[in-house]
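This report refers to the structure that appears directly beneath it.
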Amino acid sequence: MAAKIKNYFQNNVYTSMLLILLVALLLFFTVTKGGTLWSLGTWNGIFMQFPEYGLMTLGVMFCFISGNIDMSFVALGNFACIVGVNFMASQVTEGMGNGQITMIMLAAILIVMVIGAIGGVVNGLLISLLNIPPVMATIAMQLVWTGVSVAITEGKAVSGLPTLYTEIGHKMIFGFLPFPFLVFLIVFAISAFLLKCTTYGEKLYMIGTNIKAAKFSAINTTGMTIGTFVLCDVICCIGSLLMVSTMASTKADYGTSYVMRCILILVLAGVLPDGGMGKISNVFLAIISIQIIASGVNMFSSLNTYYASLIWGGLLIIVLILSTQLNGDGFLAKKRRKSSS
């Protein structure tokens with residue numbers, strides 16, 4: 001039994017670390033703020049808050065697995081939502097029925113999705129055809145989308161959303177299931193299916209592991225890269241749409257902190273930008289852990305909410321150190337190979 005447990009921990013290092021972290025967090029906050037932590041309101045808040053950046057994390061996950069990175073997804077989502085919100089505000093008039101408003105909302109959501117797809121195509125072309133490093137290409141596009149958004153809005157928030165849309169971010173299904181969490185679960189299930197049950201997932205891991213070998217295996221790496229960025233940015237735009245519903249407005253700089261938060265979650269989950277590695281189940285555990293830290297810090301009235309960022313930064317450093325040692329020529333990797341030989 002002990003040998004099986006040891007073997008599981010050796011073969012599932014990131015899962016083990018995340019489970020230990022999650023248990024430690026729950027124990028700590030149970031001891032210090034148990035009454036608040038285990039209240040229905042706290043968990044409703046947790047499952048209401050993380051879907052918007054959780055969806056963005058799922059989108060960026062596909063890029064990481066392929067060995068790429070996208071730094072422009074928040075800026076692109078903000079630009080797309082500015083266009084979508086302006087469309088809704090211009091089309092919805094007083095006296096309209098819910099059916100008409102719903103059709104306008106669906107049209108606006110489609111517009112946002114199309115803009116997200118276009119942004120993904122641009123990122124994919126810059127990286128796969130022009131061979132610009134992914135970080136530099138997507139940072140450049142981040143500046144482009146932010147600049148266009150600021151030019152359109154003059155840096156101001158854009159509002160005028162119909163009440164029917166702003167209710168989405170706070171709506172409860174069956175009286176207990178937050179609507180944003182339901183959206184997250186649907187996208188999570190689709191993402192898991194793509195990675196585990198389709199040839200797309202197999203090819204994605206192959207490209208991330210060795211893109212040259214993937215080319216020799218007759219995989220269309222250019223098409224895969226472009227398609228992956230399209231998928232990433234469309235999913236991220238869904239997260240942006242939820243954020244707009246929660247905030248009841250959109251702005252050029254909304255959600256800028258989500259870029260590093262998503263990267264933190266993915267690294268914590270073992271989905272490294274080197275590509276070809278990572279489990280989607282670990283991503284879910286990492287998202288929950290990060291949100292519990294944020295919600296837990298808010299339980300202490302004497303603590304500034306920015307302490308959560310301090311804890312996240314410390315976690316990122318620790319995980320980066322461990323991942324360095326666990327992979328390649330790291331000490332723990334060498335020790336593990338020696339014990340298995």
Side-chain angles (χ1 to χ4, degrees), residues 14 18 21 46-81 116 119-120 123 134-135 137-139 141-142 145-146 180-181 183-185 187-188 190-192 195 204 208 228-244 246-247 253-275 277-295 308-320 323:
Y14 286 98
L18 285 166
L21 173 63
I46 287 173
F47 288 109
M48 191 77 77
Q49 291 167 20
F50 78 75
E52 54 192 50
Y53 68 82
L55 286 166
M56 295 177 188
T57 304
L58 292 178
V60 180
M61 173 192 68
F62 286 98
C63 288
F64 268 42
I65 292 173
S66 70
N68 293 297
I69 189 171
D70 188 355
M71 303 293 288
S72 67
F73 61 93
V74 171
L76 173 59
N78 285 336
F79 168 71
C81 287
N123 285 336
V135 173
T138 54
I139 285 178
M141 290 310 302
Q142 179 188 51
W145 297 123
T146 301
F181 182 56
V183 174
F184 174 83
L185 286 179
V187 176
F188 181 88
I190 294 171
S191 300
L195 290 178
L204 194 68
T228 298
F229 272 98
V230 169
L231 179 62
C232 164
D233 288 322
V234 167
I235 293 175
C236 289
C237 280
I238 298 174
S240 295
L241 284 166
L242 286 181
M243 180 170 61
V244 168
T246 303
M247 305 290 288
D253 60 354
Y254 276 178
T256 51
S257 64
Y258 286 168
V259 175
M260 296 312 299
R261 190 180 303 188
C262 292
I263 292 173
L264 163 63
I265 290 169
L266 291 171
V267 172
L268 189 61
V271 186
L272 305 180
D274 297 336
M277 64 186 78
K279 299 178 181 179
I280 191 170
S281 56
N282 287 351
V283 174
F284 181 75
L285 290 174
I287 291 171
I288 292 294
S289 299
I290 291 300
Q291 185 56 51
I292 287 175
I293 292 173
S295 299
S309 299
L310 174 63
I311 298 171
W312 294 336
L315 274 176
L316 180 59
I317 292 171
I318 292 170
V319 172
L320 286 172
S323 64

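The basis for the numbers below is simple: all heavy atoms, side chains too, and nothing from hydrogens, waters or symmetry mates.
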query = Is there side-chain contact between L241 and C81, with at least one heavy-atom pair below 4.5 Å?
reply = yes

Separation between CZ of F47 and CD of Q291, rounded to the nearest 0.5 Å = 9.5 Å

inquiry  = Using side-chain heavy atoms (C-beta onward) and a distance below 4.5 Å, is D253 in contact with T146?
reply    = no

query = What closest approach, in Å, do A269 and L18 show between heavy atoms, and which atom pair accounts for it?
reply = CA-CD1, 3.9 Å

request  = Would you kindly say whether N68 and T228 are connected by a side-chain donor-acceptor distance under 3.5 Å?
outcome  = no

Min side-chain heavy-atom separation M48-T246 under 4.5 Å = no

query = If you round to the nearest 0.5 Å, how far is CE of M243 from OH of Y254?
reply = 8.5 Å

inquiry  = Could you walk me through whether D70 and L76 satisfy the side chain to side chain contact (heavy atoms under 4.5 Å, CB included) test, starting with their C-alpha distance in whole Å, then the side-chain angles of each, then the deciding distance to 0.1 Å, before giving a yes or no?
reply    = CA-CA 11 Å; D70 188 355; L76 173 59; 5.9 Å; no

request  = Indicate the atoms forming the closest heavy-atom contact of C237 with G116, along with that distance.
outcome  = SG-CA, 3.6 Å

Partner set under side-chain contact (heavy atoms from CB on, under 4.5 Å) for L264, not counting sequence neighbours = I290, W312, L316

ask   = Is there a side-chain contact between I265 and V271, using heavy atoms and a 4.5 Å cut-off?
value = no

note = So OG1 of T57 and CZ of F284: to nearest 0.5 Å the spacing works out to 12.0 Å

request  = Any chance you could measure C236, atom SG, to L231, atom CG, to the nearest 0.5 Å?
outcome  = 9.0 Å

task = Kindly compute the distance separating SG (C262) from CE (M61), expressed to the nearest 0.5 Å.
result = 11.5 Å

inquiry  = Are the side chains of N123 and C232 in contact, using a 4.5 Å heavy-atom criterion?
reply    = no

ask   = Are the side chains of S66 and L204 in touch, meaning some heavy atoms are under 4.5 Å apart?
value = yes

request  = Supply the atom-to-atom distance I263 CD1 to M71 CE, rounded to the nearest 0.5 angstrom.
outcome  = 4.5 Å

message = Could you walk me through whether I280 and L58 satisfy the side chain to side chain contact (heavy atoms under 4.5 Å, CB included) test, starting with their C-alpha distance in whole Å, then the side-chain angles of each, then the deciding distance to 0.1 Å, before giving a yes or no?
response = CA-CA 8 Å; I280 191 170; L58 292 178; 4.2 Å; yes

pair Y14-K279: side-chain heavy atoms closer than 4.5 Å = no

ask   = Between S191 and I235, does a side chain to side chain contact (heavy atoms under 4.5 Å, CB included) hold up when you go through it step by step?
value = CA-CA 10 Å; S191 300; I235 293 175; 4.2 Å; yes

Side-chain heavy atoms of M56 within contact of S240, under 4.5 Å = yes

key: Pair L272-F64, side chain to side chain contact (heavy atoms under 4.5 Å, CB included): steps then yes or no   = CA-CA 6 Å; L272 305 180; F64 268 42; 5.8 Å; no

ask   = Is the F184-F50 ring centre distance short of 6.0 angstrom?
value = yes

